[in-house]
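All remarks here apply to the structure that follows.
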Amino acid sequence: MKFCSQCGHAVTLRIPEGDNRLRHVCGQCQVVHYQNPRIVAGCLPIWGEQVLLCRRAIEPRRGYWTLPAGFMENGETLEQAAARETLEEACARVRNLSLYTLFDLPHINQVYMLFRAELVDLNFAAGEESLEVQLFDERDIPWSELAFPTIGRTLECYFSDRLERTYPLRNEAITALRT
Ligand code: ZN
């Protein structure tokens with residue numbers, strides 16, 4: 001960050017009074033521009049024994065398979081964000097959302113929050129950010145072609161928990177070293 005988004009003046013990096021971290025502070029209007037982690041919300045859409053994956057049409061990881069997920073917007077709930085991303089990327093409607101995996105990604109300042117969700121019907125299709133959208137049985141999951149560690153981990157948890165028919169909330173940290 002170089003310039004203040006409030007007044008356009010140059011910002012400097014310093015520790016504000018009473019704070020303990022470096023922040024971008026405006027030299028003109030004194031506004032402190034805090035930067036905080038961003039939330040990625042999404043779904044693991046389920047149809048019977050199958051799960052819905054999307055093949056990414058955009059970078060990063062274009063051509064790799066992912067779950068429908070994206071950055072939460074202001075003014076929506078987490079669940080609304082997850083359902084919206086599923087509609088945008090897979091043109092799919094979901095119901096009975098249940099928060100399932102929560103990943104801390106401190107090296108990229110993100111928190112992933114993914115819901116288990118039932119597909120309402122089979123009317124899904126590739127949205128603008130997807131090349132294709134497809135249902136997979138467990139044995140057909142393209143494990144080596146998944147876009148992000150959060151996606152693989154969520155699928156691992158799901159197929160493991162499904163054996164027990166119980167789905168506890170999974171909260172894990174994924175660091176830069178684990179890819
Ligand atoms: Zn300013």
Side-chain angles (χ1 to χ4, degrees), residues 1-45 52-95 97-117 125-131 133 146-155 157 169-179:
M1 183 172 206
K2 288 196 172 70
F3 300 103
C4 177
S5 56
Q6 301 282 313
C7 76
H9 195 272
V11 296
T12 55
L13 209 51
R14 64 181 180 85
I15 300 177
E17 195 176 335
D19 203 340
N20 55 15
R21 289 169 191 264
L22 285 170
R23 310 284 186 190
H24 293 287
V25 182
C26 179
Q28 179 75 33
C29 73
Q30 305 301 319
V31 162
V32 181
H33 296 277
Y34 295 98
Q35 295 181 323
N36 302 101
R38 295 203 287 177
I39 293 174
V40 177
C43 283
L44 168 59
L52 192 74
L53 298 180
C54 307
R55 204 154 73 83
R56 290 173 64 82
I58 54 170
E59 297 292 350
R61 304 292 275 166
R62 186 176 195 276
Y64 287 80
W65 292 92
T66 190
L67 293 167
F71 291 112
M72 190 176 178
E73 300 284 1
N74 292 342
E76 64 185 359
T77 66
L78 185 67
E79 189 171 319
Q80 286 167 347
R84 176 183 53 73
E85 289 291 342
T86 305
L87 188 60
E88 288 177 1
E89 296 183 7
C91 304
R93 272 147 295 272
V94 285
R95 64 186 169 205
L97 280 67
S98 178
L99 187 60
Y100 182 47
T101 51
L102 195 170
F103 299 106
D104 295 290
L105 304 164
H107 59 295
I108 50 172
N109 304 319
Q110 292 179 7
V111 176
Y112 258 72
M113 304 181 83
L114 301 175
F115 291 80
R116 286 187 301 116
E128 290 218 342
E129 296 179 4
S130 304
L131 296 170
V133 175
L146 298 180
F148 307 110
T150 49
I151 305 306
R153 188 67 191 126
T154 295
L155 292 169
C157 290
L169 178 68
R170 306 279 198 142
N171 180 198
E172 301 176 358
I174 294 181
T175 67
L177 297 175
R178 202 200 132 160
T179 54

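In listed order, ligands and their atoms are each counted from 1. Just so we're clear, the structure is a prediction, and the values are computed from it rather than from any experiment.
- Between the side chain of Arg55 and the backbone N or O of Tyr64 there is no donor-acceptor pair closer than 3.5 Å.
- Judged by distance alone, with hydrogens and angles left aside, the side-chain atoms of Glu76 form a donor-acceptor pair with the main-chain N or O of Glu73 at under 3.5 Å.
- Using a 4.0 Å cut-off between charged side-chain N and carboxylate O, Arg56 and Glu129 make no salt bridge.
- For the pair Ser130 (side chain) and Glu89 (backbone), a donor-acceptor distance under 3.5 Å is present.
- The Zn ion (ligand 1) has Cys4 SG, Cys7 SG, Cys26 SG, Cys29 SG as its protein N, O or S neighbours under 2.8 Å.
- Judged by distance alone, with hydrogens and angles left aside, the side-chain atoms of Gln80 form a donor-acceptor pair with the main-chain N or O of Thr77 at under 3.5 Å.
- Other residues, nucleotides and ligands place no more than 12 heavy atoms under 6.0 Å from the CD atom of Glu128.
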